[in-house]
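Reading through the structure tokens given below for one structure.
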Amino acid sequence: MFANCLDRLRALLLSVLLLSCFALPALAGPFEDSVAKFANDEFSDTEAAIGEVASSGNPLASPIISALQDGRLSADPDSKKVFITKTDGSIIDAATGAAVDKLPDNAAAVRLNNRLRRTVEAALGGLTLLSPDPAKRLAAAQSVFKSHEESLLPTVDNALAKETVKSIKQAFAEARAAIILFKSDATDSDKLDAIAVVKSRGDQEALALLSDLGTDQPPLVAKAAASAISSIQSNLAMWSMVQNAWYGLSLGSVLLLAAIGLAITFGVMGVINMAHGEMVMLGAYTTFVVQEVIRARYPGLFDYSLLIAVPLAFVVAGAVGVVIERTIIRFLYGRPLETLLATWGLSLVLQQAVRTLFGPTNREVGNPSWMSGAFDLGQITITYNRLWILCFTLAVFAILLAMLRYTALGLEMRAVTQNRRMAASMGIATSRVDALTFGLGSGIAGIAGVALSQIDNVSPNLGQSYIIDSFMVVVFGGVGNLWGTLVGAFTLGIANKFLEPVAGAVLGKIAILVLIILFIQKRPRGLFALKGRAVEA
Amino acid sequence: MTPHILTRSLDRAAATFILVVATLGVLIPLSNLLLPQGSALHVPTYLVALWGKYVCYAILALSIDLIWGYCGILSLGHGAFFALGGYAMGMYLMRQIGSRGVYGNPVLPDFMVFLNWSKLPWYWYGFDHFAFAALMVLLVPGLLAFCFGWLAFRSRVTGVYLSIITQAMTYALLLAFFRNDFGFGGNNGLTDFKDILGFNVQAEGTRCALFLLSCLALIIAFMMCRAVVSSKLGKVLIAVRDAESRTRFLGYRVESYKLFVFTLSACMAGVAGALYVPQVGIINPSEFAPGNSIEAVIWVAVGGRGTLVGAALGAVVVNYAKTFFTSGPLAPYWLFMLGALFILVTLLLPKGIVGTFNSWRENQRSTGIAADEASAAREDGVRAPKMAE
Amino acid sequence: MNVMDTRATSAMLYLDGVHVSFDGFHAINNLSLTLAPGEMRAIIGPNGAGKTTMMDIITGKTRPDQGTVLFDGTVDLTRLDETRIAELGIGRKFQKPTVFESQTVQDNLLLALNVDHSVRGTLFWRGSKAESERIDKVLETIRLTDARNRLAGSLSHGQKQWLEIGMLLAQDPKVLLVDEPVAGMTDVETHLTAELLKQINKNHTIMVVEHDMTFVRELGVKVTCLHEGSVLAEGSIDQVSSNERVVEVYLGR
Ligand SMILES: Nc1ncnc2c1ncn2[C@@H]1O[C@H](COP(=O)(O)OP(=O)(O)O)[C@@H](O)[C@H]1O
Ligand SMILES: [Mg+2]
């Protein structure tokens, strides 16, 4: 905060210096008089002083107004002298900039009321309109748009004429439109143009601005404003739908990622693996270890950490999966309830093992640069990590589908799950296929862990939070059907995000669970149920 | 011939079980109240409460065994019924606090005052009467189980699917009870109880009485389960467990049977929860955690499912072990042990302790009988009939 | 057509124009069949002809996509569930013998007895002399008296088949659907089973599915041959087995 303030001051000073080069003639005696008005302790005088100082072009204008905003401007009512207490504690005379030892005894801070605060903000906005820093100019334009301070019109015009960056020019145009909209002596046609500009901006602030306009407008303007308001409203409603849909897609991709592995072990093999979430967790911790090693040894590779972690997580979780299949699950085929209990026990063991090795608290997993940040799309903001996870999930899904369809292992897997005895008699080593299938499902869970480490806390409990959701997705989508899992994940994700604004996050989740429970009653085999004896067996 | 021996021996096991529970139920409180503190046989009050907790767990285990062991319904949400029973009792106990709470409000429990609620929500009405609360202890879990079971069994949701949706059910309740505006104390739950039926819940005498009551409840629950499983209905349940669709083709309405035991079992779990709460002094949403329910299932597996006695035994053994390990230096290893228990029992001891013991004894007996028969056959000069394979 | 209809109402079982498909595979195609009261009918047909599926339809396990299935001329079976159909008096023996393996032979029969099957009825059930006498009689008929206290799971395959027939007897339905009763039996046992079925047929309607031609011949009843889900031929065993298309279907595959 503090550094930020200093930064802003420095920029202000610079900009005002620049400004003064253009507007030298304005530098004269009246500046002292204007400053002295702060000492009158009258809100109206203070307001006048703000206007005059801001448009004076004096290099001290910006420090004065910032000080006023922060309550660091004080005045001596007797001598009519005004002082700035700088952020480092030193004091200068506001009119001359000369250093002063200490404040006079009867000096008091210049008071502000809410209306004046807005004036101050607007004035500061005006002062930065010509800042050389594009980000500052943009911010200033936004603030003028909000304050639509009439006195800034010339400055805005000036800035608009000089501006070369397209997006900032647009912002200046909008700021200008806002001012004109509220200017009492603007012509109707100017106001209509202004409304068109504001309407095309189309966001929440444009809406607020137009709603502020009040009813005492000429009928033509009032009508245009009303129609602009309703058009912006429907536009915003549309964008909020888009936003929900995006959140839903994003949640859906997370669900899908967590559930794909399960769709293989539970859906294809019929093995109910309650330790599935822990495979996800292992993947996340693999990412953590990879990043630790990279940080310690090869800091330059940090951006590639996830690319390295993906195959490693697959191998780690997949290997653990194969071991589990060979040592536990193999003995429990055809006994799903026992499998459920044994794998739950396994999940406890794995969690506790990780807790012992890495500690019970969250571990820090960083975002590589290409995963951090965000961009705007229309009225919504899309973060890169969510976007990448969506793409990644779809890629994993596609690869998996292709694998099942075109590789020898995929063929064997399908053969074994459809008719184990027939497959065995055709020379397929069914137990090897079982182990590999389970390993594949676990390995994919591990990959999911890499991605989820980017958006979730990496702790020993990571997996637990996904297990129920994953099962819901697989069961909802229809067991034994990867496409069903895809549709199930996105349906649940989107439904969840559309329910959330209505019902709140927790109630929304409860509602979804209840809906799924009801749904399973209606269609016990899920959305895309396979019909047939294979399922009944 | 064999079934007579079998039922008789089972009856003997049942009688032994009842005798043991009754003896403990009387002796432990007596030793706590009558023997002096220093005596070697004196049972300290905290142990009375601890064993009281085990007894409640044993009732929960019985309720799970009734549906899982005999009817093949693996509920991973029985902790929810237990907790609901517990909350019903907790609500009564909260109302008993009256104006002795921190805020001194005669009607509203402290957490409601803290949330700035001005009046009691309607669903808290009536809980100041013990009889009403006791009714709710049975009714709320029973009703939930009935509705849930009605939906699930009618649509023939079975096996792991049923297990998973029961788990989802308790998870949904967990989320709901964590919310403050749900009106059950949010994540702190209900606690700071003062008295029950006018007796101080902390007092030794009350604790002993609660222990005795729990033992009584265990005996009643056990006898009820025995009555159910040894009736013809018990045979139908086993038939459903082993070949559900075959049972249907014989003209049994399978969903009614399932609904009956599921609801009965939920009521039992509710009673267990209601007895549990005054003895541990708190009920909070974590009782709804899916992990708790599934842990209760493993008690049954350890003891031996489908044996009733085993379920109760398993609950006590596993929880005793849990207390023993988690209170000592071995605490960090408890979860390893619990996890290993899940795995080893399902892999190596699928019948559990009692089941394995039973089949071992059966083997001994049947080899004995076979030997007898063989010798008798030799004497008669007739060969024992050989069945076509 | 009209004549057919009036006859159909007097039939014990009446199937007309029944279709069933599984994921696009037509297991039953326009199947029509009637079974008169007191009749015994043998159904033959190659594997996958739809014989078991037909029984699934009659007993309510599978819902037909189209067609009429009437019991006793009036009751529409396609609307009822398995329990209700069993209560009406249709009993079934499965192709793969399914008995309650962890219960004794005697208890298996006890469960099958057609007495009160409600929850209340079984909860407060107390055995009666009449019931145990019926069980004794069935045990004798199926020659399992000595094995009455053995667990059903420990019986041989043939004994399980018989136990299942015994359960049908205990159930005492109006119609018995018997799916491959002699699979896995010795010749002697097969013969005994045929005798048993003929005896049962004296006061029950029976539909029996079987591959074993000697067995079917021994039954000496009307035969229906199914193929690809519909009736291929119907008549005496000699007529059917000399039918060219039947021979083609059996040998041509
Ligand atoms: N539930 C089902 N799902 C898919 N296919 C089935 C189902 N039931 C039967 N079928 C198919 O219908 C055909 C007829 O089967 P079935 O009635 O068992 O023949 P069978 O005459 O040998 O008893 C077979 O091809 C079988 O695969
Ligand atoms: Mg068949």
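In what follows, chains are A, B, ... by sequence order, proteins preceding strands, each numbered from 1. Owing to the predicted nature of the structure, the values given are computational and were not obtained by experimental measurement.
- Of all residues in residues 190-207 of chain C, none places a non-hydrogen atom less than 4.5 angstrom from a non-hydrogen atom of chain B.
- Pairing each heavy atom of C:Glu87 with each of B:Gly251, the nearest pair is OE2-O, 3.7 Å.
- Of residues 118-129 of chain C, those residues with a non-hydrogen atom less than 4.5 Å from any non-hydrogen atom of chain B are, in numerical order, C:Ser118, C:Val119, C:Thr122, C:Leu123, C:Trp125.
- Across C:Leu110, C:Val99, C:Ile85, the residue that shares the most heavy-atom pairs under 4.5 angstrom with chain B is C:Leu110.
- By the 4.0 Å N-to-carboxylate-O rule, C:Glu164 lies close enough to B:Arg246 to be salt-bridged with it.
- Smallest separation of non-hydrogen atoms from B:Leu250 and C:Phe100: CD1-CE1, 3.7 Å.
- Using a 4.5 Å heavy-atom threshold, the side chains of B:Arg253 and C:His117 count as separate.
- Taking 4.5 Å as the limit, every side-chain heavy atom of C:Glu82 sits out of range of all side-chain heavy atoms of B:Thr247.
- One distance of note links CZ of B:Phe249 with CZ of C:Arg92; it measures 5.0 Å at 0.5 Å rounding.
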Point to revise | From CA spacing to verdict: side chain to side chain contact (heavy atoms under 4.5 Å, CB included), B:Lys232, C:Val115 | key: CA-CA 12 Å; B:Lys232 188 176 169 190; C:Val115 291; 3.3 Å; yes
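- Residues B:Asp242 and C:Glu101 form no side-chain contact, since every pair of their non-hydrogen atoms from C-beta on lies 4.5 Å or further apart.
- Ranked by heavy-atom pairs under 4.5 Å with chain C, the list B:Ala239, B:Ala227, B:Gly234, B:Ala243 is led by B:Ala239.
- Put simply, of C:Leu88, C:Asp81, C:Asp107, C:Leu111, the one with the most heavy-atom pairs under 4.5 Å next to chain B is C:Leu111.
- The structure places NZ of B:Lys235 at 6.5 Å from OG1 of C:Thr104, a figure rounded to the nearest 0.5 Å.
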